[in-house]
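Beneath this line is the structure, given in structure tokens, with notes to follow.
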Amino acid sequence: MLDIQLLRNDLAGVAARLATRGFALDTTRFQGLEAQRKTIQIRTQELQAARNRISKMIGQHRGAGHGPDDEEVGDLMREMQNIPDQLKEAEKQLGEIQNELQQLLEVIPNIPHSSVPIGKSEADNLEVRKVGNIPQFDFVAKDHVDLGEKLGLDFDTAAKISGARFSVLKGGLARLHRALAQFMLDTHTEQHGYTEVYVPYLVNADSMRGTGQLPKFKNDLFEIRRETFIARGVAIGPDGNEIRQSETAGLDRAQEMFLIPTAEVPVTNMVRDEIVPLEKLPMKFVAHTPCFRSEAGSYGRDTRGMIRQHQFDKVELVQMVHPDESYAALEQLLGHAETILQKLALPYRVVKLCTGDMGFSAALTYDIEVWLPAQNTYREISSCSNFEAFQARRMQARFRNAQGKPELLHTLNGSGLAVGRTLVAVLENYQQADGSVVVPEVLRPYMGGKEKLTS
RNA sequence: GGAGAGGUGGCCGAGAGGUCGAAGGCACGCCCCUGCUAAGGGCGCAUACGAGCUUAAACUUGUAUCGAGGGUUCGAAUCCCUCCCUCUCCGCCA
């Protein structure tokens with residue numbers, strides 16, 4: 001979420017910068033809502049002030065021993081007569097306006113950092129560097145589906161159990177998958193200073209809102225509804241009669257939960273509604289979790305193989321840092337993810353996403369793309385972003401600054417790496433003419449010393 | 001699943017319709033005293049939003065916030081309803 005002050009002070013400037021990422025900010029609507037908000041808020045607060053003042057005076061008189069029928073009290077009661085109804089109406093209007101403003105704000109994406117290249121699509125992304133040598137084969141390179149068929153990659157069984165976009169791994173391949181995740185976790189905890197965390201895979205709506213998946217991207221999520229009894233409350237009034245309660249009594253958003261699309265959600269939300277002491281910064285966490293994505297709208301794309309699945313594993317790096325440090329932290333985090341590819345000796349390139357290709361919450365994103373021989377191209381294997389205060393503002397995630405005042409944190413995260421896609425990359429880059437796959441050296445300790453996967 | 005107890009500021013904890021943004025304590029900050037590692041005294045110390053002033057900050061002022069939402073009332077931390085969460089005991093369970 002953007003700072004509403006920024007929108008008030010420099011609406012045109014914000015709109016111009018959002019336009020570079022293809023977002024049309026409805027400035028007229030914003031200004032209209034703001035004008036209404038201002039009028040109604042002032043009126044509401046005036047009424048509240050009047051109510052408080054008179055109530056307080058009544059209280060003073062009553063405290064001094066005056067009864068409700070005494071003249072002083074009676075005068076005040078008359079003065080109050082019309083205020084509660086007017087106030088109720090004003091508060092209702094104010095609530096509606098503020099909801100509208102909130103809804104408008106919640107779907108505005110982050111402002112791109114000034115260094116982000118302006119562009120419309122991934123074609124306009126900026127290649128930062130290429131690392132590693134692309135392998136040359138003296139045979140026709142197979143893709144991971146063909147290679148995996150003999151090694152224990154089974155889509156038919158997965159389709160029977162669940163459906164399309166799932167996979168079953170068996171034997172050495174399942175172990176290789178586990179080895180990759182463990183190798184990544186160990187590297188980040190032992191060499192890069194991250195604290196390993198185990199987190200829930202089901203989260204509530206507040207968490208999804210905090211990192212920006214809600215309200216805009218609900219369609220991308222798997223949702224779990226809990227069946228609960230909704231009671232209708234009844235209160236007894238002073239006259240002994242029943243008072244009807246709100247129609248929505250008992251309806252609560254906590255009844256819906258969501259499967260995490262990335263560990264970013266639970267891990268980043270650890271600091272939601274927290275004020276962390278300055279000396280705890282930077283906070284660096286790594287988590288290995290499954291990720292669940294509905295992939296609605298991607299029908300027909302990457303239908304072959306395990307590139308795009310409803311369920312995949314990822315080792316995720318998350319940092320909460322001082323605002324002054326966040327861009328330095330992003331470079332470091334990117335380096336941490338790259339280290340994994342380097343240790344696996346997989347060729348890759350780093351790309352800086354253009355304004356049009358960045359995710360909703362990011363101010364700056366680097367993608368790491370790994371070389372896939374069978375596709376003869378680089379494919380995304382990691383995405384590392386600085387969200388600045390965008391998520392922190394939604395989450396009210398703060399730290400106490402040197403002056404002792406709470407200030408919004410900056411949050412970052414990056415895949416380090418996507419395990420499924422790394423498995424694909426290992427299979428394709430380490431394949432042999434006979435269809436076997438050499439185990440990368442760094443993984444062998446995790447594979448019981450095994451050097452090669454064969455059928 | 002059954003029974004019970006709770007959710008108050010950074011933390012602990014009082015308050016049980018009015019003068020309560022909330023006693024007291026701890027922690028923290030500044031000052032004083034003392035001087036030797038511990039103690040005494042004073043003052044300050046929530047957050048968000050609005051308005052005024054302003055380049056901005058500071059400041060002044062208003063409002064909201066005692067788990068969340070709703071209701072009763074001239075007035076709710078306090079009474080009523082619903083929900084959420086935590087803890088204890090029993091049951092079940094990986």
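Proteins get letters first, then strands, A, B, ... in listed order; numbering begins at 1 in each.
Comparing B:U63, B:G75, B:A51 against the side chain of A:Pro84 picks out B:G75 as the nearest. Set against B:C74, B:U47, B:A64, the side chain of A:Arg51 has B:A64 as its closest nucleotide. Here the side chain of A:Lys56 is nearest to one of B:G21, B:G10, B:C74, namely B:G21. Comparing B:C74, B:U47, B:U19 by their closest approach to the side chain of A:Gln60 singles out B:U19. Among B:U63, B:G75, B:C49, the nucleotide with an atom closest to any side-chain atom of A:Ser55 is B:G75.
With the nearest nucleotide of RNA chain B identified for both A:Asp3 and A:Gly59, A:Gly59 has the one nearer the 5' end. Each of A:Arg62 and A:Ala49 was assigned the nucleotide of RNA chain B with the nearest heavy atom; the assignment lying further toward the 5' end belongs to A:Arg62.
In this structure, A:Ile54 atom CD1 and B:G75 atom C1' are separated by 11 Å, rounded to whole Å. Rounded to whole Å, atom P of B:G10 lies 17 Å from atom CD of A:Glu407. Protein atom CG of A:Leu278 is 15 Å distant from nucleotide atom C1' of B:G10, rounded to whole Å. Following rounding to the nearest Å, A:Leu76 (CG) and B:U73 (C1') show an atom-to-atom distance of 16 Å. Whole-Å rounding puts the A:Asn99 CG to B:G69 P distance at 12 Å. Look at CE on A:Met57: it is 16 Å from P on B:C20, rounded to the nearest Å. Rounded to whole Å, the distance from CD on A:Gln396 to C1' on B:U47 is 9 Å. Protein atom CD of A:Glu34 is 13 Å distant from nucleotide atom C1' of B:A51, rounded to whole Å.
Going from the P atom of B:G25 to that of B:G40 covers 12 Å, rounded to whole Å. B:C84 and B:G69: their C1' atoms are spaced 10 Å apart (whole Å). If you take atom C1' in B:C90 and the same atom in B:C74, they sit 49 Å apart, rounded to whole Å. Rounded to a whole angstrom, the distance from the C1' atom of B:U54 to that of B:A68 is 38 Å. As rounded to the nearest Å, B:U63 and B:C26 have P atoms that lie 32 Å from one another. Taking atom P in both B:C12 and B:A27, the straight-line distance is 15 Å, to the nearest Å. Nucleotides B:U60 and B:U8 place their C1' atoms 29 Å apart, quoted to the nearest Å. Comparing B:G67 with B:G6, their P atoms sit 14 Å apart, to the nearest whole Å.
In summary, the side chains of A:Glu388 and A:Tyr327 do present a donor paired with an acceptor at a separation below 3.5 Å, with no hydrogens or angles considered. A donor-acceptor pair shorter than 3.5 Å cannot be found between the side chains of A:Asn386 and A:His113. Between A:Gln332 and A:Gln319, the side chains place no donor N or O within less than 3.5 Å of an acceptor N or O (distance only, hydrogens not considered).
Between A:His288 and A:Tyr198, a ring centre-to-centre spacing not shorter than 6.0 Å is recorded. For A:Phe258 and A:Phe292, the gap between ring centers reaches or exceeds 6.0 Å.
Heavy atoms of A:Arg398 sit under 4.0 angstrom from primed sugar atoms or phosphate atoms, though from no base atom. A:Gln5 comes within 4.0 angstrom of the backbone, heavy atoms only, and of no base. The residue A:Pro277 sits apart from the nucleic acid: no heavy atom pair falls under 4.0 Å.
Under the Watson-Crick and G-U wobble criteria, each requiring two contacts below 3.5 Å, nucleotide B:U34 is left unpaired. Searching all strands for a Watson-Crick or G-U wobble partner of B:C11 with both distances below 3.5 Å returns B:G25. Nucleotide B:U65: paired with B:A46 (Watson-Crick or G-U wobble, both distances less than 3.5 Å). Look at B:A39: it lacks any Watson-Crick or wobble partner with both distances under 3.5 angstrom. Under the Watson-Crick or G-U wobble criterion, with both distances below 3.5 Å, B:G17 has no partner in any strand shown. If you check B:G91 for Watson-Crick or wobble pairing at under 3.5 angstrom, you find it has no partner at all. Pair assignment for B:A58: none, as no Watson-Crick or G-U wobble contacts are both less than 3.5 Å.
In this pair, A:His192 and A:Tyr194 present their aromatic rings perpendicular. The plane angle is above 60°, beyond the 30 to 60° band. Ring geometry for A:His310 against A:Phe166 counts as tilted: the plane angle lies between 30° and 60°, on a 0 to 90° scale.
The side chain of A:Lys88 places an N or O atom within less than 4.0 Å of a non-bridging phosphate oxygen (OP1 or OP2) of B:U72. One finds a side-chain N or O of A:Lys38 lying less than 4.0 angstrom from the OP1 or OP2 phosphate oxygen of B:A51. Residue A:Asn204 places none of its side-chain N or O atoms closer than 4.0 Å to OP1 or OP2 of B:C85. For B:U63, one of the phosphate oxygens OP1 or OP2 lies less than 4.0 angstrom from a side-chain nitrogen or oxygen of A:Asn52.
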Start with the C-alpha distance between A:Arg421 and A:Leu423, add both sets of side-chain angles, then the distance that settles side-chain contact (heavy atoms from CB on, under 4.5 Å), and finish with yes or no. CA-CA 5 Å; A:Arg421 289 190 181 180; A:Leu423 183 75; over 6 Å; no

